[in-house]
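In the text below, chain A, chain B and the rest are named by the order of the sequence lines, each starting its count at 1.
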Amino acid sequence: MPMPNLTVLRTYALKPNPTDLPSSVLFCHTETSLTIFDAYPKAMFHFLVLPRVIPPTTTSELMSLRSLLAVEKERAWGIVEMLGKDAEQVRGMVEDEMVKRYGFKWDIWIGFHSVPSMEHLHLHVISSDLISPALKNKKHYNSFHPKLGFFLHLKDVLSWFDSDPSYFDMMSGLKKDQYEPLLKEDLVCWECDKAFKNIPALKTHLQGIWDERVRREKNRLEKKRKRDHEDEEAAATQTSLPSNKRVDTGDAS
DNA sequence: GTTCTAGAAC
DNA sequence: GTTCTAGAAC
């Protein structure tokens with residue numbers, strides 16, 4: 001069994017020229033960050049935004065969120081803020097792709113794992129469906145549950161910088177003992193709070209939510225298509241109001 | 001972070 | 001008997 005490489009993200013972040021990376025790895029990059037496809041996506045869309053290593057910031061400061069939050073507040077803030085800006089660009093690209101592929105968009109979460117498994121800071125950009133063959137166990141699911149507390153939303157992390165220094169100090173400790181137990185919590189649907197006995201049952205539920213969403217969106221698009229079609233006909237016959245504002249007179253003509 | 005698999009859970 | 005979880009990986 002090959003031992004997985006837990007430092008591969010750092011080798012990516014150190015590339016002087018990110019475009020050397022295979023296109024199967026690199027999604028996009030800026031002067032200060034690169035965004036890669038998560039190798040084991042836990043949702044239909046799942047990317048990691050990594051800070052590039054730019055002096056005076058060092059690889060060891062960029063090891064994790066915890067190590068970054070230990071450097072001077074202003075410099076740490078600048079890096080988190082920069083990652084957030086670049087993640088928002090990625091969000092926009094993902095939303096475009098959602099519309100292109102499915103005709104609608106759904107939530108995208110942006111945040112850090114409180115206890116990371118791989119070295120080098122990485123900001124997750126992940127779609128809220130949580131449907132993926134690589135999502136296989138409770139730890140995978142709970143690590144992205146948006147209300148459980150293990151997943152730290154970017155907005156919340158940024159808010160720590162504006163709060164009392166004592167609160168910042170408390171949160172920035174990111175103690176393993178405080179967060180790791182959350183991964184063992186019972187399986188609960190993040191959307192409807194229903195509990196599940198095991199992962200296969202939860203995955204069936206998530207798939208059901210998705211199938212229902214697709215069905216509703218199809219109906220919506222079909223209704224809109226019909227409305228627009230009627231409006232075209234109405235315009236052709238000089239009827240003034242769009243069909244969705246018209247009062248039904250029961251006139252069949 | 002994953003894979004593999006023993007044995008728990010059903 | 002099969003499904004599923006959870007701990008080891010030298």
Side-chain angles (χ1 to χ4, degrees), chain A residues 1-15 18 21-27 29 33-53 59-69 83 87 90 94 108-146 148-154 157 174-190 194-209:
Chain A
M1 187 191 318
M3 198 54 181
N5 180 1
L6 302 183
T7 61
V8 64
L9 301 183
R10 181 155 52 229
T11 68
Y12 296 160
L14 284 166
K15 288 272 182 204
L21 290 167
S23 60
S24 56
V25 172
L26 184 70
F27 179 63
H29 73 285
S33 77
L34 54 161
T35 299
I36 62 168
F37 295 90
D38 192 297
Y40 299 92
K42 303 306 189 294
M44 293 184 188
F45 298 92
H46 188 182
F47 298 88
L48 306 178
V49 187
L50 322 179
R52 297 174 70 177
V53 183
T59 53
S60 80
E61 289 169 340
L62 292 174
M63 170 114 87
S64 64
L65 184 60
R66 191 165 87 91
S67 62
L68 179 62
L69 296 184
L83 288 177
V90 173
V94 171
I108 293 165
W109 299 324
I110 296 176
F112 301 97
H113 278 162
S114 47
V115 183
S117 299
M118 298 189 83
E119 293 186 9
H120 199 81
L121 182 63
H122 49 284
L123 180 59
H124 292 270
V125 178
I126 184 168
S127 57
S128 62
D129 50 272
L130 299 183
I131 292 173
S132 164
L135 197 161
K136 294 178 175 176
N137 58 44
K138 181 183 273 189
K139 180 174 170 175
H140 291 154
Y141 177 77
N142 280 345
S143 75
F144 290 104
H145 189 299
L148 191 62
F150 187 90
F151 185 82
L152 304 174
H153 295 270
L154 173 73
V157 174
L174 292 170
K175 288 291 173 215
K176 260 193 188 183
D177 299 357
Q178 189 186 329
Y179 290 99
E180 261 178 347
L182 297 171
L183 296 174
K184 309 223 183 222
E185 295 267 301
D186 290 346
L187 292 168
V188 175
C189 173
W190 69 269
K194 186 168 162 13
F196 292 87
K197 285 206 184 335
N198 55 46
I199 279 286
L202 173 62
K203 285 177 71 96
T204 300
H205 174 73
L206 293 175
Q207 185 67 51
I209 290 179

Rounded to whole Å, the CE-P distance (A/Met118 to B/dT2) equals 9 Å
Sorted by chain and residue number, the salt bridge (charged side-chain N to carboxylate O under 4.0 Å, His left out) partners of A/Arg10 (sequence neighbours excluded) come out as A/Glu119
Distances under 3.5 Å only, N/O to N/O: pair up the protein atoms with those of nucleotides 3-6 of chain C.
from	atom 1	to	atom 2	distance (Å)
C/dT5	OP1	A/Ile199	N	2.9

Those residues at least two apart in sequence (or on a different chain) that pass side chain to side chain contact (heavy atoms under 4.5 Å, CB included) with A/Pro116 are A/Ser64, A/His122
Open item on the list: Parallel, tilted or perpendicular: which one describes the rings of A/Phe151 and A/His113, with boundaries at 30° and 60°?
Closed with: perpendicular
Looking at the rings of A/Phe144 and A/His46, which for Trp means the six-membered one, are their centres under 6.0 Å apart?
yes
Taken in chain and number order and not counting sequence neighbours, the residues that satisfy side chain to side chain contact (heavy atoms under 4.5 Å, CB included) with A/Ala134 are A/Tyr40, A/Lys42, A/Ser132
With a cut-off of 3.5 Å and sequence neighbours excluded, list every side-chain donor-acceptor pair involving residues 179-189 of chain A.
none

Over-ring placement of A/Lys139 relative to A/Tyr141, 6.0 Å and 45° cut-offs:
no
Atom CD of A/Glu180 and atom P of C/dG7 are separated, to the nearest Å, by 12 Å
inquiry  = Classify A/His140 by what it touches in the nucleic acid, base, sugar-phosphate, or nothing, heavy-atom distance under 4.0 Å.
reply    = sugar-phosphate
Pairing string of DNA chain B (Watson-Crick or G-U wobble, both atom distances under 3.5 Å; | = paired to other strand) is .|||||||||
task = Give me the ring orientation class for A/Phe37 and A/Phe27: parallel if the planes are under 30° apart, tilted from 30 to 60°, perpendicular past 60°.
result = perpendicular
